[in-house]
Colleague: 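First the structure, which I've put down as structure tokens, then a few questions once you've had a look.
All values reported here derive from a predicted model rather than from experimental measurement.
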Amino acid sequence: MRDCVDLPDAWWAELRRTIDVVAATPMDRVGVGQDLVTTRIRHRFGDGISTEVSAWETVHGDLHWSNLMQPEFGLLDREMWGRGPAGVDAATLLQARRSVFLASATRWS
């Protein structure tokens with residue numbers, strides 16, 4: 001994806017609704033566990049900060065632009081779904097294409 005995404009408000013609303021539905025879905029499987037979070041944070045920032053996750057929810061676990069359909073909304077690739085840190089899907093999408101997200105940031109509020 002090389003250009004800024006210009007999707008209708010309804011598409012962004014459906015993305016938000018879908019992430020909320022996934023987050024509220026009960027699940028025992030761990031998608032992104034505390035050990036993985038700790039390892040990644042310490043690798044990047046060292047041992048001097050707390051890595052404890054205080055809020056967990058069900059997450060897609062691999063949310064990036066190749067797993068989102070457009071122009072009609074669709075969410076693909078469910079094999080990594082499981083419990084993970086709250087907000088990890090939005091953070092992963094941001095990381096996957098920061099410039100696209102920033103151009104569309106007003107859609108998330």
Side-chain angles (χ1 to χ4, degrees):
M1 183 171 287
R2 295 170 195 241
D3 299 319
C4 181
V5 173
D6 185 21
L7 295 166
D9 289 344
W11 189 96
W12 291 102
E14 186 60 17
L15 171 61
R16 180 61 177 257
R17 188 196 70 76
T18 300
I19 289 173
D20 289 345
V21 168
V22 170
T25 302
M27 183 172 288
D28 293 329
R29 182 180 180 278
V30 174
V32 180
Q34 182 65 63
D35 290 344
L36 179 58
V37 171
T38 297
T39 299
R40 287 184 177 172
I41 291 173
R42 288 198 172 143
H43 176 76
R44 177 70 172 101
F45 299 105
D47 294 334
I49 61 173
S50 173
T51 63
E52 181 181 347
V53 176
S54 60
W56 296 88
E57 63 189 12
T58 300
V59 299
H60 179 275
D62 190 28
L63 189 58
H64 55 78
W65 291 100
S66 294
N67 285 335
L68 293 169
M69 296 175 64
Q70 51 181 299
E72 297 298 319
F73 177 82
L75 178 62
L76 307 172
D77 194 20
R78 302 181 319 194
E79 71 266 5
M80 294 190 62
W81 285 25
R83 301 300 287 171
V88 76
D89 283 335
T92 302
L93 188 58
L94 171 61
Q95 179 274 328
R97 189 62 181 184
R98 187 171 181 262
S99 62
V100 171
F101 183 88
L102 292 175
S104 306
T106 58
R107 312 292 173 120
W108 285 84
S109 57

Colleague: Which atoms form the tightest heavy-atom contact between P85 and V37, and what is the distance?
Modeller: CG-CG2, 3.6 Å
Colleague: Could you tell me whether the side chain of H60 and the main chain of L76 form a donor-acceptor pair under 3.5 Å?
Modeller: yes
Colleague: Would a 4.5 Å heavy-atom cut-off, applied to side chains only, mark V59 and V22 as touching?
Modeller: no
Colleague: Applying salt bridge (charged side-chain N to carboxylate O under 4.0 Å, His left out), name anything that partners R78, two or more places apart in sequence or on another chain.
Modeller: none
Colleague: Hey, what's the ring geometry for W11 with F73, parallel, tilted or perpendicular (30° and 60° as the breaks)?
Modeller: perpendicular
Colleague: Any heavy-atom pair between the side chains of T51 and T39 that's under 4.5 Å?
Modeller: no
Colleague: Can you pull out every salt bridge (charged side-chain N to carboxylate O under 4.0 Å, His left out) where at least one residue sits in residues 45-61? Sequence neighbours excluded, please.
Modeller: R42-D47
Colleague: Group every Ile, Leu, Val, Met, Phe, Trp and Tyr by side-chain heavy-atom contacts under 4.5 Å, then state whether L68 and W81 land in the same group.
Modeller: yes
Colleague: According to side-chain hydrogen bond (donor to acceptor under 3.5 Å, both in side chains), who are the partners of D77, at least two apart in sequence or on a separate chain?
Modeller: N67
Colleague: Decide whether L94 and V88 are clustered together by the hydrophobic rule: side chain heavy atoms of Ile, Leu, Val, Met, Phe, Trp, Tyr closer than 4.5 Å, transitively.
Modeller: no
Colleague: Could you list all the side-chain hydrogen bond (donor to acceptor under 3.5 Å, both in side chains) pairs where at least one residue sits in residues 19-37, not counting sequence neighbours?
Modeller: Q34-T38
Colleague: Supply the members, apart from V30, of the Ile/Leu/Val/Met/Phe/Trp/Tyr cluster built from side-chain contacts under 4.5 Å; use none for a lone residue.
Modeller: none
Colleague: Taking D62 for its side chain and M80 for its backbone only, find out whether a donor-acceptor pair lies under 3.5 Å.
Modeller: no
Colleague: Taking C-beta and beyond as the side chain, do V53 and V32 meet within less than 4.5 Å on heavy atoms?
Modeller: no
Colleague: Do M69 and L75 have side chains that get closer than 4.5 Å, going by heavy atoms?
Modeller: no
Colleague: Under the side-chain hydrogen bond (donor to acceptor under 3.5 Å, both in side chains) test, which residues partner R17, sequence neighbours left out?
Modeller: E14
Colleague: Any side-chain heavy atom of L15 sitting closer than 4.5 Å to one from L7?
Modeller: no
